[in-house]
There are 2 protein chains.
Amino acid sequence: MPNSVPDISDAEFSVLDVLWQHNPASANDIVEKLNEIKPWHEKTVKTLLNRLVKKQAISYEKQQRSYLYSPLIERESYVVKQSKTLVDKLFRGHLSPLVASFAQQSKLKKDDIAALKSIISDWEKEQQDD
Amino acid sequence: MPNSVPDISDAEFSVLDVLWQHNPASANDIVEKLNEIKPWHEKTVKTLLNRLVKKQAISYEKQQRSYLYSPLIERESYVVKQSKTLVDKLFRGHLSPLVASFAQQSKLKKDDIAALKSIISDWEKEQQDD
DNA sequence: AAGTTATAATTACACTTGTAATCGTAATGT
DNA sequence: ACATTACGATTACAAGTGTAATTATAACTT
């Protein structure tokens, strides 16, 4: 069975996101990195780490006195799951209305357009191959 | 100040989504409609309606003994806010990686592709106009 | 008018989340 | 060896959520 991704709260996600960037990492490494962004108390971060361990989202390995943490789930899996959940909920599974919404909000940049074109042409290429 | 959209839980969203489809509606109308999808007790739905009223997401109008509820926030506003939140969180504000992810998961249908092309050509047209 | 009933309002209660503080213990300094 | 400290583990506690049950009240029935 592929990747069953547990529910992860917003605060927990921020911790995970640091771990995805570099791992394994000690609690202190994570606290330091996080503090560039979030003014969270060390104790808070440790709580979040514990909860992530309980949820089996991360693992640790004892190293002397402290632990080295690593992600157990991949960012990709999480991203795919969350994206699908949102698109299903808001657009009944269809992606294009989301893109249209961004377009209407002028949230599309030339980079995005170029990327979209490339995605489309790849998609069309693959259609032929089948 | 434009639409300040309150935080809305998943269960509350389901109720709101029924109201967006047809309003105004009585609590019973909503319960009935919702029960096509969710096996929720009438009491549960009433609780959710109350919470939505408190959050100022919906309003009501007394009609004889019961109330008629209507949305106070537009679905569009909610959708825009949630979409932006997700894209900011997962893709640092860039939409195209989300589309790429869907493409990779084979979640793009011909309809989506056609819609995307149209969005792109509109976008390009507008660039000229400026 | 009194009893019954349909509604809304209030209360309940366990679980999750944000945000730590405190406790126990193993390592470190002196 | 003993005191201090640096960790992780346990506990805390209010707000939000899911999921109703109970209570108050206004309307309908007889």
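First the proteins, then the strands, lettered A, B, ... as listed; each starts at 1.
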Could you tabulate the donor-acceptor pairs under 3.5 Å formed by side-chain atoms of residues 79-86 of chain B, not counting sequence neighbours?
| residue | atom | partner | partner atom | Å |
| --- | --- | --- | --- | --- |
| Lys81(B) | NZ | Val5(B) | O | 3.0 |
| Ser83(B) | OG | Val79(B) | O | 2.7 |
| Lys84(B) | NZ | Asp88(B) | OD2 | 2.5 |
| Thr85(B) | OG1 | Lys81(B) | O | 2.9 |

Q.
Restricting to salt bridge (charged side-chain N to carboxylate O under 4.0 Å, His left out), what partner residues turn up for Glu42(B), sequence neighbours left out?
A.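 Result, salt bridge (charged side-chain N to carboxylate O under 4.0 Å, His left out) vs Glu42(B): Lys46(B).
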
Q. With sequence neighbours left out, what residues match Lys107(B) under salt bridge (charged side-chain N to carboxylate O under 4.0 Å, His left out)?
A.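 With neighbours one apart ignored, the set is empty.
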
Q: For DNA chain D, note the earliest and the latest nucleotide, 5' to 3', having some atom under 4.0 Å of a heavy atom belonging to chain A.
A: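 For DNA chain D, the relevant span reads dA6(D) to dA12(D).
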
Q. Considering only heavy atoms, which members of residues 23-39 of chain A lie under 4.0 Å from some atom of DNA chain D?
A.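 Those residues are Ala27(A), Asn28(A).
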
Q: Mind running a 4.0 Å heavy-atom check of residues 48-61 of chain A against DNA chain D and sending the residues that fall below it, in number order?
A: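 Here the set is Asn50(A), Arg51(A).
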
Q. Pairs in or reaching into residues 86-117 of chain A: which pass ring pair (Phe, Tyr, Trp, His ring centres under 6.0 Å), with residues at least two apart or in two chains?
A.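 Every candidate ring pair (Phe, Tyr, Trp, His ring centres under 6.0 Å) pair involving residues 86-117 of chain A fails, so no pair, neighbours aside, qualifies.
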
(Q) Restricting to ring-ring contact (aromatic ring centres under 6.0 Å, His included), what partner residues turn up for Tyr67(A), sequence neighbours left out? (A)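 With sequence neighbours excluded, Tyr67(A) shows a ring-ring contact (aromatic ring centres under 6.0 Å, His included) to Tyr60(A), given in chain and number order.
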
Q) side-chain hydrogen bond (donor to acceptor under 3.5 Å, both in side chains) with Lys38(B): which residues, sequence neighbours excluded? A)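 Checked Lys38(B) against side-chain hydrogen bond (donor to acceptor under 3.5 Å, both in side chains); zero matches.
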
Q. Applying side chain to side chain donor-acceptor pair (under 3.5 Å), which residue pairs with at least one partner in residues 108-124 of chain A are found, sequence neighbours left out?
A.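 Residue pairs with at least one partner in residues 108-124 of chain A: Asp112(A)-Ser96(B), Lys117(A)-Glu124(B), Glu124(A)-Lys117(B).
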
Q. What are the residues of residues 10-21 of chain A, sorted by number, that bring a heavy atom to within less than 4.0 Å of DNA chain C?
A.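 Those residues are Asp10(A), Ala11(A).
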
So which protein nitrogen or oxygen atoms get under 3.5 Å of nucleotides 23-30 of chain C's nitrogens or oxygens?
none

